[in-house]
Structure formats: C-alpha cells, structure tokens
Amino acid sequence: MSTALDATPVDVTPADVAPVDVVRQGAGGVDPDDPAWTRNPPGPEQRRADVLGAVLLFVGAVLSVVLGRTAGMYDEPASGAVSLAWLAAATLPLAVRRRWPSVVLVVVSAAFVGAVTMQVPETLFLNIVLFTALYTVGAWERTRRRALIVRALVVAGMLAWLVVSLFKATTDPEVLKHFDNVGAFSPLVAYMLIQMLTNVLYFSGAWWFGDHAWSASRDRARMRRRTRELQAERARVEAQAVTIERLRLARELHDAVAHHVSVMGVQAAAARMLLPEGPGTERVAAALEQVEDSARDAIDELHGLVGTLREDEQVHGLDEPVASLAVTRLPELVAEATQTGLTATYRVVGEPLPLPPVVSLNLYRIAQEALTNVRKHAGPDATADVRLRYLADAVELEVADDGNGLRRTALPGRGRGAAAGRVTGGFGLVGMHERVATDGGSLTAGPRRSGGFVVRAHVPLRRPRESTLEVLDA
C-alpha cells in the first residue's frame with residue numbers, strides 16, 4: 001500500500017524561486033540588515049499569477065483524476081463529486097498563497113489528507129500543491145516565527161500520518177502477501193525506507209527552497225539599498241567637488257584682483273605725491289586720494305571674503321594651495337599621467353614668459369582635464385603629447401593623442417565664444433571653454449586628421465605699457 005506522499009517532488013518554477021519584489025528596501029522602509037525586515041506584499045501581477053496557477057493546477061488535477069480512475073488506482077475510488085470537492089479544496093487556495101501563506105498551508109494540508117483518506121485517485125498534482133504551499137510559507141510569511149512553527153507542525157503531522165499509514169500497511173494481511181519473500185534485506189523494510197527517504201527529501205526541499213527565496217529577496221533589497229546609498233554619496237561628492245572648485249576659483253580671482261587693486265592704490269598715492277603745486281592740482285589730488293580710499297576699501301572687502309573662503313576650505317580639507325598650480329608644474333602633471341600607464345611627453349616651444357596667475361592656473365587645469373580624457377577615451381595604448389607654446393603676443397597649450405576617442409565630442413570653432421552653446425558632449429570640454437573664455441582666449445577640440453583627438457587653448461597676453469610704468473616709477 002502506497003500513500004500519496006510517495007510521489008517524487010517536482011521543481012518549483014523560476015518565478016517562485018526568485019519572485020519579483022516591489023522596488024523598495026522592505027515593508028515600512030526597514031533596513032534589510034534589521035532583524036525586523038519583511039518582504040513587501042505581493043504586487044498585482046504576482047496575485048494574478050497566483051490565481052492563474054491555482055486554476056491551472058485544479059484543471060490538471062481533474063484530468064489526473066480521470067486518468068487515475070481509468071487506470072484503476074483504487075478498488076473503490078471516491079465519486080466524481082467528492083473528488084472534485086477535495087481537489088478544489090486542495091488547489092484553489094493557492095490563489096492567495098502569497099497573501100496568507102500560513103493559512104493556505106494549513107488548508108492545503110488538511111485537504112491533502114482528506115483526499116488521500118477518501119481515496120481520490122490523484123497523487124501527482126496534490127503533491128505539487130502541498131510542496132508549493134510549504135515553499136510559500138518559507139518564502140513569503142512575514143512573521144518568521146510563525147513560518148517556522150506552522151511548517152514544523154505540518155511536517156511533523158504529515159510524517160506522523162505517514163508512520164501510521166505504514167504501520168497499517170504492515171499489519172494488513174493482504175499487503176503482507178506481496179512482501180513474503182525472504183532474503184538478506186526484507187522487501188517490506190526496503191519499502192518503508194524508500195517511503196521515509198522520499199518524504200524526508202520532499203519536505204526538506206520545500207523548506208530549503210522557501211528559506212532560500214526569502215534570503216534572496218533580502219539580498220536584493222540590501223543591494224538596492226546599497227545602490228541608493230552609493231548614488232546619494234556620488235551626488236554629494238559631485239556637489240562638493242563643484243563647491244570646492246568654485247571656492248578655489250574665487251580665491252584665485254581674489255589673489256589676482258587684490259594684487260592689481262593694491263598696485264593701483266600704491267600708484268595713485270605715488271602720483272598724488274608727485275603732483276606739482278599749482279592751480280587745479282587740488283582737484284586732481286582729491287580724485288587720486290579717492291582712488292586710494294576705494295582701493296583700500298576694496299582690499300579690505302576682498303580680505304574679508306577670502307577669510308570666509310579659507311574657512312570653507314578647511315571644512316572641505318583642501319590641503320594644496322591652488323596658487324601653486326601653474327604651468328611650471330606641467331612636467332609633474334605629465335609625469336603623474338605616465339605613472340598611471342599613459343605614454344605622455346611634454347615640450348615647451350618658444351621663450352618662456354611670466355604668465356598671469358589665473359591664466360597659468362587655467363592652462364594647468366585644461367591640461368589636467370585633457371590628460372584625464374585621454375586616459376578615459378583614447379585607449380590603453382594611446383600616446384599623449386603636451387606642448388606649451390609661447391608666441392609673440394599669446395600663449396598656447398596643446399594636448400593631442402593618437403587614439404580614436406569614440407565617446408568624445410568635438411568643440412569646433414576658434415575665436416572668443418565660438419563654441420558657446422554648441423557642446424553636446426561631456427562637461428569637461430565645457431569647463432575648458434569657460435576657463436579659456438575668462439582669459440579672453442579660444443578653445444579648439446576635435447578629431448585629428450591623422451587619428452586621435454586634440455585640445456588646443458589659445459590665450460592672448462597683454463603686455464604692460466612701458467610709458468605708464470616709466471612715469472609711475474619716476
């Protein structure tokens with residue numbers, strides 16, 4: 001005599017093993033690492049899938065009953081109406097298995113026992129239904145203590161029922177006739193061991209798959225949470241980088257403006273002191289004195305502003321003075337790029353001239369950004385060539401590579417503002433253009449005819465008027 005539990009357990013569907021969760025970190029926003037974390041309730045698509053699966057299992061069970069009655073599974077099988085009632089009680093509750101998993105498991109288990117007791121000629125789909133219900137409790141029961149208790153009670157009850165059924169079978173004279181062979185290993189003992197092993201594997205598999213699905217859902221929620229945290233951190237870092245860069249540029253502007261304003265004040269004072277006495281000189285002296293006062297007030301305001309900037313600088317941890325970044329450090333920049341694996345060379349063309357601090361810094365930053373783009377887009381075997389040209393009335397920086405950067409967008413046109421509003425690529429080129437534009441220069445960026453990419457910044461230089469200096473120095 002064989003009980004209904006001796007059927008080989010079937011595999012659950014991939015949709016059950018890895019159910020799709022709502023894209024949230026957990027019910028109520030609980031951290032997945034918190035012991036109180038629970039899965040989100042099933043969504044509309046999952047509920048519809050449960051209903052469809054329950055209906056299909058019921059239809060399959062009915063067809064299996066017809067085949068079982070034809071095959072003569074039982075000598076006195078249950079009637080058609082009784083069989084349909086028990087099959088409906090066992091399969092249709094799966095329509096809400098993810099909403100009330102523990103209740104569904106209890107109902108399905110009771111219907112399973114009832115169907116076997118009433119000799120409903122069907123075992124295949126009943127085993128599938130019981131396996132699915134037991135799995136669902138492990139995968140979807142929000143209260144984990146309840147999931148443990150309910151499954152333990154159902155499994156213990158089913159195994160006890162199996163033992164009772166085997167005991168009845170071993171005491172039935174009609175059954176013993178089929179196991180009266182004598183040998184080294186009793187056929188009856190072998191039969192009982194097969195039944196026990198099959199059911200142990202059956203229930204163990206359903207239990208393990210359910211817990212594994214719960215753990216997999218928790219891992220997915222944890223991964224989504226980590227992704228959101230990384231995205232938020234990246235946004236904060238980008239915002240801080242923009243703020244720090246603006247602070248640096250503001251401080252550089254302060255250094256340049258403060259220097260020139262101080263010179264203006266000193267020269268105005270010197271001019272006032274050198275004014276000869278005569279009619280109308282008082283008005284000129286008063287104007288020059290007003291220039292001195294305005295320069296002094298401007299310097300005081302700039303010092304106040306730079307004090308605030310340096311406080312922010314300490315907060316952000318700026319450890320390198322920006323004023324030290326100039327074209328004189330381009331060899332170090334090229335050497336650093338070489339240490340990262342990029343082949344790069346540096347050359348100076350023409351007679352080096354002293355550059356304004358802001359111009360020197362902007363050219364350094366442009367070279368830094370261009371070398372970064374070469375590393376990103378030109379390929380691992382690309383070679384970069386950095387050239388700084390001192391012309392008669394301008395300075396020119398050129399960074400070229402021999403790789404084909406597919407993801408870089410050209411910045412065509414020469415002349416001040418030629419490329420404004422025409423950049424469709426990354427923000428690095430936009431930043432280069434803005435830096436050159438502040439110095440009254442132009443930027444050209446685009447593919448080379450011989451292959452690769454070139455960035456060329458041209459900045460005009462204003463030479464001081466010798467006559468004015470001679471008068472002020474006098």
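Sequential numbering from 1 along the given sequence is applied to the chain's residues.
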Chemist: Can you sort out the partners of Trp214 under ring-ring contact (aromatic ring centres under 6.0 Å, His included), two or more places apart, ordered by chain and number?
Modeler: Trp37
Chemist: Under 3.5 Å, which donor-acceptor pairs link side chains of residues 144-157 to any protein atom two or more places apart or in another chain?
Modeler:
from: Arg144; atom 1: NH1; to: Gly138; atom 2: O; distance (Å): 3.1
from: Arg144; atom 1: NH1; to: Glu141; atom 2: O; distance (Å): 2.9
from: Arg144; atom 1: NH2; to: Gly138; atom 2: O; distance (Å): 2.9
from: Arg144; atom 1: NH2; to: Asp211; atom 2: OD1; distance (Å): 3.4
from: Arg146; atom 1: NH1; to: Glu141; atom 2: OE2; distance (Å): 3.2
from: Arg151; atom 1: NE; to: Ala147; atom 2: O; distance (Å): 3.1
from: Arg151; atom 1: NH1; to: Asp211; atom 2: OD1; distance (Å): 3.1
from: Arg151; atom 1: NH2; to: Asp211; atom 2: OD1; distance (Å): 3.1

Chemist: Under the side-chain hydrogen bond (donor to acceptor under 3.5 Å, both in side chains) test, which residues partner Ser360, sequence neighbours left out?
Modeler: none
Chemist: I need the Glu434 CD to Asn362 CG distance, nearest 0.5 Å.
Modeler: 11.0 Å
Chemist: Treating Tyr346 as the side-chain partner and Arg387 as the backbone partner, does any N or O pair qualify as donor plus acceptor under 3.5 Å?
Modeler: no
Chemist: Counting only N and O atoms by type, is there a donor-acceptor contact under 3.5 Å from the side chain of Thr136 to the main-chain atoms of Thr132?
Modeler: yes
Chemist: For the pair Ser215 (side chain) and His212 (backbone), establish whether a donor and an acceptor sit closer than 3.5 Å, ignoring hydrogens and angles.
Modeler: no
Chemist: Excluding sequence neighbours, so at least two apart, what forms salt bridge (Lys or Arg N to Asp or Glu O under 4.0 Å) with Arg99?
Modeler: none
Chemist: Taking side-chain contact (heavy atoms from CB on, under 4.5 Å) as the test, write out the residues that go with Glu233, two or more places apart.
Modeler: Arg236, Val237
Chemist: Are Arg142 and Pro41 close enough that some pair of their side-chain heavy atoms sits under 4.5 Å apart?
Modeler: yes
Chemist: Can you see which heavy atom on Asp50 is nearest to which on Ala95, and at what distance?
Modeler: CB-O, 3.4 Å
Chemist: With side chains defined as the heavy atoms from C-beta onward, is the minimum distance between Asp401 and Thr383 less than 4.5 Å?
Modeler: no
Chemist: Are Val386 and Leu333 close enough that some pair of their side-chain heavy atoms sits under 4.5 Å apart?
Modeler: no
Chemist: So, for Ala139 and Ala213, which heavy atoms are closest and what is the spacing to 0.1 Å?
Modeler: CB-CB, 3.6 Å
Chemist: Looking at residues at least two apart in the chain, or sitting in another chain, which of them share a salt bridge (Lys or Arg N to Asp or Glu O under 4.0 Å) with Arg234?
Modeler: Glu238
Chemist: Test of understanding: with side-chain hydrogen bond (donor to acceptor under 3.5 Å, both in side chains), list the residues that count as partners of Gln231, not counting sequence neighbours.
Modeler: none
Chemist: When you compare the side chain of Val395 with that of Leu353, does any pair of heavy atoms fall below 4.5 Å?
Modeler: no
Chemist: How would you list, by chain and number, every residue that makes a side-chain hydrogen bond (donor to acceptor under 3.5 Å, both in side chains) with Glu398, sequence neighbours excluded?
Modeler: Arg389, Arg456
Chemist: Sub-3.5 Å donor-acceptor pair from the side chain of Tyr202 to the main-chain atoms of Asn127, do we have one?
Modeler: yes
Chemist: Within the 4.5 Å heavy-atom criterion, are Leu342 and Thr338 side-chain neighbours or not?
Modeler: no
Chemist: Do the non-hydrogen side-chain atoms of Tyr390 and Val327 ever get within less than 4.5 Å of each other?
Modeler: yes
Chemist: List the steps, then state whether side chain to side chain contact (heavy atoms under 4.5 Å, CB included) holds for Leu363 with Arg435.
Modeler: CA-CA 8 Å; Leu363 291 177; Arg435 285 182 179 274; over 6 Å; no
Chemist: Exactly one of Val107, Val106, Val108 should register a side-chain contact (heavy atoms from CB on, under 4.5 Å) with Val104. Which one does?
Modeler: Val108
Chemist: Within this structure, what is the CE-CG distance for the pair Met223 and Leu230, rounded to the nearest 0.5 Å?
Modeler: 11.0 Å
Chemist: Measure the OG-CZ distance between Ser102 and Arg97 for me, rounded to the nearest 0.5 Å.
Modeler: 13.5 Å
Chemist: Using the test side-chain hydrogen bond (donor to acceptor under 3.5 Å, both in side chains), find all partners of Glu336 that sit at least two apart in sequence or belong to another chain.
Modeler: none
Chemist: As an exercise, state the distance from CG of Leu361 to CG of Leu355, rounded to the nearest 0.5 Å.
Modeler: 11.5 Å
Chemist: How far apart are the closest heavy atoms of Gly441 and Pro460, and which atoms are they?
Modeler: CA-CD, 3.7 Å
Chemist: Looking at every heavy atom in both Gly350 and Pro352, which two are closest together, and how far apart are they?
Modeler: O-CD, 3.4 Å
Chemist: To the nearest 0.5 Å, tell me how far Leu429 CG sits from Leu443 CG.
Modeler: 7.0 Å
Chemist: Does a salt bridge link Arg448 with Asp402, judged by any charged N lying under 4.0 Å from a carboxylate O?
Modeler: no
Chemist: Decide yes or no on side chain to side chain contact (heavy atoms under 4.5 Å, CB included) for Val436 and His433, but give the supporting numbers first.
Modeler: CA-CA 5 Å; Val436 175; His433 169 71; 5.8 Å; no
Chemist: Which heavy atom of Met432 sits nearest a heavy atom of Ala370, and at what distance?
Modeler: CE-N, 3.5 Å
Chemist: Under the ring-ring contact (aromatic ring centres under 6.0 Å, His included) rule, collect the residues that match up with Trp100, sequence neighbours excluded.
Modeler: none
Chemist: At their closest point, which heavy atom of Arg39 faces which heavy atom of Ser217, and how far apart are they?
Modeler: NE-OG, 3.1 Å
Chemist: Pro44: what forms a side-chain contact (heavy atoms from CB on, under 4.5 Å) with it, not counting sequence neighbours?
Modeler: Arg47, Arg48
Chemist: Given side chain to side chain contact (heavy atoms under 4.5 Å, CB included), test Val62 with Phe125 step by step and report yes or no.
Modeler: CA-CA 9 Å; Val62 171; Phe125 285 91; over 6 Å; no
Chemist: Determine whether Leu397 and Val459 make a side-chain contact, defined as any pair of heavy atoms from C-beta on separated by less than 4.5 Å.
Modeler: no
Chemist: Give the C-alpha distance, both sets of side-chain angles, the deciding distance and a yes or no for side chain to side chain contact (heavy atoms under 4.5 Å, CB included) between Val129 and Phe112.
Modeler: CA-CA 9 Å; Val129 168; Phe112 184 95; over 6 Å; no
Chemist: Does Glu369 reach the main-chain N or O of Ile366 with its side chain, forming a donor-acceptor pair under 3.5 Å?
Modeler: no
Chemist: Would you say the side chain of Leu330 lies within less than 4.5 Å of the side chain of Leu388, judging by non-hydrogen atoms?
Modeler: yes
Chemist: Using distance only, find each side-chain donor-acceptor pair of residues 53-60 under 3.5 Å and give its atom names and separation, not counting sequence neighbours.
Modeler:
none

